[in-house]
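Take a look at the structure set out below.
Below, read A as the first sequence line, B as the second, and so on, with proteins coming before strands; counting in each chain starts at 1.
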Amino acid sequence: MDQNSSNNSPGQPWLSLEQWRQDPEFLKLTEKEFRSSPLQSEDGQSGHARRDFLKLMGASLALTSFGCVRRPAQTIIPYAKKPPEIQHGHPNFYASSFVDGMEAFGILVTTRDGRPIKIEGNPDHPANMGTMSARAHADILRLYDPDRFTGAKRNLQNKNRTNRETINAKWDDLDKNVVEQLNKGKVAVLTYNHASPTTQVLMEEFAGAFGGKIYQYDDVSYASLMEAQKASYGSAAIPRYRIEKAKVIVAINNDFLGTWVAPVTHQRQFASGRKKSTEGINKLVVFESLMTLTGTNADKRYRIRPSQSLDVVMALLHELIVVRKQSRYSADDGVIRALSGFSKNREDLSLNLGELADELWKNRGQSLILAGGLTADGDFGVALQVAANFLNSVLENDGKTIESGKAVVRGGPIGELIDALNKKQITTLIIHGSNPVYSLPPGAKFREALANVEMLITTSDRNDETARLADFVATDHHALENWGDLQSLDGTLSIQQPTIQPLHDTRAFQDSMLAWLKGANKGSAKAKAAATWYDYLTASWKPLATGKGSFEDNWNQILQDGVLKTSAASGGGRSIAGNTLANVKPTAKRAGFELAIYQKVGIGDGRMANVPWLQELPDPVTKVCWDNYACISPKDSVQLKVKEGQHVTLTVGDQKVEVPVHIQPGQADGVVGLAIGYGRQGGGKVVDGIGANAMMLAQWSDGRAITAGLETKVQPLVKVTQLAITQGHHVMEGRQIVVEETVADHVKNPGGQVHRHKMKTMWSEHKYNGNKWGMVIDLNTCTGCSSCVVACQSENNIPVVGKKHVIDGREMQWLRVDRYYIGTPEDPDVVHQPLPCMHCDNAPCETVCPVIATVHSDEGTNDMIYNRCVGTRYCANNCPYKVRRFNWFSYTDIQAPRQMALNPEVTVRSRGVMEKCTFCIHRIRTVKANHKVNDTKLVDGDVKTACQQSCPTGAITFGDLNDKTSVVATNFESPKSYALLEELNTKPAVRYQVKVRNTDHLKWAPKHAGGHGGGHGDGHKEDKKAPGHSEGGGH
Amino acid sequence: MIQRSPLVLGKKTYETVSNDIAGIVERFPDKRFFAGLAGAQGLLLIFLLAQGAIVWFGMGLMGVNHPVGWGTDIITFVFWIGIGHAGTLISAVLFLFRQKWRMSIARSAEAMTVFAVMTAGLFPVLHTGRPWLAYWLLPYPNQRGPLWVNFRSPLVWDVFAVSTYATVSAVFWYIGMVPDLATIRDRAQNKWRKRIYGVLSLGWRGTARNWNHYEMVYMLLAGLSTPLVLSVHSIVSFDFAVAVLPGWHTTIFPPYFVAGAIFSGFAMVVTLMSIIRELLPVFKDYVTLDHMENMNKIIMATGLLVGYAYASEFFIAWYSGVAYEVFIFKNRAFGPYGWSYWIMVTCNVLIPQLFWFRYFRRNIPWMFVISIFVNIGMWFERFVITITSLHRDFLPSSWGMWVPTIYDFGALFGSFGLFFTLFLLYIRVLPSISMSEVKPVLFVGRNDGHGDKGHSEGKHGHH
Amino acid sequence: MSKKIVGAVVVFGLLGGLSVFVWALSTNKVVIGYNQGYEPDQPIPYSHKQHAGDLQINCKYCHSGVDSSRHASVPPLNVCMNCHLVIKTDSPHIQKLTEAYNSGKSIPWKKVHLLPDHVKFNHAAHVKAGKDCTTCHGNIQEMVVVKQVSSLSMGWCVNCHREPENKAPLNCSTCHY
């Protein structure tokens, strides 16, 4: 009885692999996996067939499960010819690579029966060392995105591309037309930073063959950074930042931990400098306009307007060179003249930077200046970078904390392309991987310029803004369906290999180029010889895959590792080209509000915005999801008389957008922030219609998008929408939740600030004879990036509920990251606290469950037995940490083919059932079973939870507490560690390590709450000023 | 010696008593009755629709969320369980104390108990995520190992407490009716009525032996249900008191809940009686102003008890010095749900003070209004305990708000439909005043010379 | 008088019978609703008696996953063809098999032993613990048509796990997660 009633959900079938075996097409695919080129013309139909099949199975199972006594009749369809590498019940891991903006790193793709279900980091890749970003996890759902094109498309449309009709195109037909057109010459290829050397070679060959030119456009551009690098050091490279070597890091409107260039690498580097908490812990000083992830991790934080970014750098230079007469430039008239030009701006800035200057000079060679990014990419963008470079060289950081990097220029700047288009110099334009029609400022007049080309071809994977204007869409594969190679910023070469046969009738862009070359009977011998892109790739890798043994052996080894270990270039020093400050001119003072466009940690440039996980991922700073909003400071909100969620129109020049307001503590006054990646038309069913497109406000000046320091009018409207915020209240109310310590205190007495309790109990404790699983979370290295949240969601089949339900307080994420403000709303410190289930030894939830659906195991885990749960929700009420999640509705009918990403190891929960973090119990079980079967012993590090695995800073340690030698056991007992709400004597199996702030005095030292009164008073005073209080209870 | 005022007005004889009361069952009811019944059934329909939708689509239709896991369903459950208490108190406790004035209201009070518990019993089942599995809360042998219930869980204690209470009060109520059912049977002209009431009256003959057994059983059941008055609501209060939540984890809860239960129970009796006195004027002779006044006195007394509990809660919170406790009680009175707290205090503590004045105790419209206020106040007492404790607990990050949906209102108001439907049907088909108990006290306080005689004749009430 | 005795006997008889039934139910002497004895006809009348019994083919030869994976796994057709490329090629059933193998369409076997999806059973672990296939699957080597012998009810699993000599874990999360 119970088995039928407890799992009658359409979600279930995909967990039972037997049923999977029943899909003939799928069978055929898995058979041929990795043996042929991805070029399969009939896959399109099979994609459809598969989906219909899924629907049928869903329906039939839903029906049978109502039948009470009689089994749901199922069949087993074994392979006809089983591929040797597939063993039923065992996952296969394939090493591949992932690129996101400038960041490229190695991944491991978990596949079950030829079906990728999860992406994890590749430990062998130096860029990420097995860790991941939230977006990299989300890429799996982009593969299974229902809104993807299922094949080549053709748009029949009028001359100026205003009206169209999209029809399916046959590839041969498409090739014929395209080749014909290409032969007319005047070809241009517009590509994003694909980060693939071999693709670059092929692309250049392709462009060359048709006398065309390559241009580069990224939805988030680092043009000003590279331009400044060229000006200062002579090469338009993105340097390699060695943040781990820096003792003092100054970030000026630069979100290097959240969104800038390569956050995953930066976070690891930053954390490694943070972990030396006893001596030489690094110090992060942030000057910023908005509250970014980097800002939340600052030891000292200054609030400036975007237009003041340059002034800060110049002020620091002034302090060093003019005031303190330091460095070799102290007598350089040119430099001094340049600096003197900023005297007025220094007054306006009115910050006393002397102390910081001294500190920097003391740590010269061990300091690092990071500047710029979207929020400081104004008309002063390049100047800012140049000045920052100069400051770094003054501080003698070149070659120490900054090393020369690789140029990542894939083609000419977009500005030139637009000119060429307007000059009608281009008849055929191929756009690959970027979406300029959406992300270019209106001022660029790109859409209009496109009217001048005879044929526009895109490789868009969906019907996005650019694809709609194209004549042909040569739909590209998803990366997980395609071969390739990537080069990350440190020069490491890694392989990208397909982990599944293409779901749809799509074709790799590289294959398209080869096909067109062949069609035109052009191209090198290599191109002619290559039947497919795979052949071309391997041919290009022949010189690289060297070593003893045949090429095949080496190649297979590289496929195994996923990375060419020898390839990491050792970054060298470099020297600045003298006084580059000559043409660094002061920025004009802005009147009224300044616009600061930024990226969100989850959504980024919006490339993956159609992945529900990312939409529902609470922003690490605001904790708002499913929406785009204008951030304004508390003070401004009072002046404008706007409240949280009230709509405003932002006007820059003649451009307007309407968005709700979010009042952001710690934001600079006179600044309004707006995130990119929203306001899509054609992004997909999930993202379309959410928020407004920030780039509508950006300006276009000499080939660069101006995204900051723009004078903006802010007009409040009457309309109010509630923002979906997942955190109810934002101050700690004087309770001991996150414990902060100054470095001084910490060195003297680690964990000294923690108020300990002497707990007595009447009852005998649990006995753990085997393992006792436990976790320690280091709040000092946790940056709050929330990669763990998505990792958990991907691992544990956690549903997405949507905006309305988040507002109602029904979000389902098992792991949440709490963010508290400390101090005044104007200038608070911020702490992050990841909160999984605490797996208490004395768990309040266990005693109150009437049906024993949640019980304590003899391994210390608090098990949740879904199929026994009746849903009284008593356990959730009685959980002091509120980590339990209830299935208010049936969240199991997932739109095909998304359910293919479900993890068969984890039961999909039905309606009316409680669920929560399990410590990845399925991983524990699998590892232990394998050890049992192979007569091996479990050692520390065998079991990793999904969150731990994905954490870029290694803040989470997990393992067996009974194994006293294990890392987690030592951390657990360390004086830095404390149990949350210890006074309740729940004895959590999760402990936190104190947050260390590299400062002399904290904004507010928490008095202790539980048991001893006291603290509450401050807590409440705190509360009055507290930012969060206004929406006390966001739900 | 003090002349006490008569318990039954209007110079009744045994015959007129029988005619009055059995008459209600024998006569075809008038329009007012049907109007009332229609209204009640309208509400009942709403109840069925609301709960049906919730079972079909999921608990998400109601306002409950994280962190407020319990809402209208649990509040209303406790509310109805509380209502039940007056019945048992009147019929059992007052019986054991030989309170003559209880005779004429005991039957209806017990009926109220039974129906209130029936209504209440639905809510804990319907509030679960998977009601169709609610039977797992019963310890029964099964093929899963066998797998038993968690005897540490207050919800399991609830199952036992409430089911026991329901059974005992139902039996007590029915046994008490047997002689009257026999009377109706004997008076019946029509064949079917004779048969039906014949079966129901379990072959009652009114012999000395019948009476002997009857008195014995009735006494025993009265003794059995007396402790239940205390146990049931104590155990219901454990649902909260056993939890770790500040605002729930309180030792005062059992007595506080029991007092509140009797308080609300009597208020509901007053409400019902005031209505019935209008629907069926004959009641005015049996349920006199003296009865009402007695009950109003009890309401005022228990109201003061409840008020004391409210005060002591605050004192203990302050005295304990636990910041969580202090905060939760500040939050109760002055937080976002402060209004509910002040509604509670006003309705339960302030308004009943009117009963210090004889005028209000003996004025039907006034007492009706006051009793309604008390009912409202007692619902909000449970609202305050459940919602305001849950919505802001230990970690500020998980604080939230609870907003009711139309389904919450449907479940709440609909439950009154269920209750009143049952009660009106009971008035129609069962002897709603205990003839066999009223007749013995018919002449109490009457100075027409029958004073003593009444007693002797009362023994063998009818021929 | 005698009437009363009869009545008493009847009542106690009923009560006794009921309690015996409950006892049998909760100790898995009697099983209701677990498809015990399910014995479907298969698309190809494959006889375990012939292969495992008479021919003495080791179970692991076909069910290769049984000692390494959670699933024993039904053999892919290429395993059958190892022998049947040459053996009994004239039989219509084998021809059906061969045809399926060549067309890559496989054979839809009826699933006999079905655990609900919220139960995670690991064959390898049980084989490792020295449990013989027949412990749960009965005398498979004598079955012409495979039949579900054990109830596969939770009680049935737990009874065995409770045996001290098995040293089997009794956590709920041993099977449910």
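- At a threshold of 4.5 Å between non-hydrogen side-chain atoms, the residues C/Ser106 and A/Tyr79 do not count as touching.
- With a 4.5 Å cut-off on non-hydrogen atoms, A/Val933 touches chain C through its backbone and its side chain both.
- With a threshold of 4.5 angstrom between heavy atoms, A/Thr918 does not approach chain C through any atom at all.
- Taking 4.5 Å as the limit, every side-chain heavy atom of A/Arg925 sits out of range of all side-chain heavy atoms of C/Asn122.
- Residue with the most contacts toward chain A among C/Pro108, C/Cys80, C/Ala124, C/Pro40: C/Pro108 (heavy-atom pairs, distance under 4.5 Å).
- Of the options C/Ser69, C/Ser64, C/Ser68, a side chain to side chain donor-acceptor pair (under 3.5 Å) to A/Gln87 is made by C/Ser68 and by none of the others.
- A/Lys81 places a side-chain N or O within donor-acceptor distance of the main-chain N or O of C/Tyr101, the cut-off being under 3.5 Å.
- The 12-atom threshold is exceeded at CG of C/Asp54, counting heavy atoms of other residues, nucleotides or ligands nearer than 6.0 Å.
- C/Asn171 and A/Asp858 form a side-chain donor-acceptor contact under 3.5 Å, judged by distance and modelled atom types alone.
- Remark: side-chain polar atoms of C/Arg70 are not paired, donor with acceptor, to backbone N or O of A/His88 under 3.5 angstrom.
- Rounding to the nearest 0.5 angstrom, the gap separating the OG atom in C/Ser173 from the NE2 atom in A/His856 is 10.5 Å.
- The minimum heavy-atom distance between A/Ile865 and C/Cys172, with the atom names listed, is CD1-CB, 3.2 Å.
- Contact check for A/Thr907 versus C/Lys120: side-chain heavy atoms found under the 4.5 Å cut-off.
- Nearest heavy atoms, A/Tyr866 versus C/Tyr177: CE1-C, 4.0 Å.
- Between A/Thr75 and C/Lys111 the shortest side-chain heavy-atom distance does not fall below 4.5 Å.
- Contact detail for C/Gly104 and A/Ala80: the closest heavy-atom pair is CA-CB, 3.7 Å.
- Atoms NE2 and OG, from C/His118 and A/Ser910 in turn, are 9.0 Å apart once rounded to the nearest 0.5 Å.
- Residues A/Pro78 and C/Leu77 form a side-chain contact, since some pair of their non-hydrogen atoms from C-beta on lies under 4.5 Å apart.
- The candidate with the highest count of non-hydrogen atom pairs below 4.5 Å against chain A, out of C/Val127, C/Asn102, C/Thr174, is C/Thr174.
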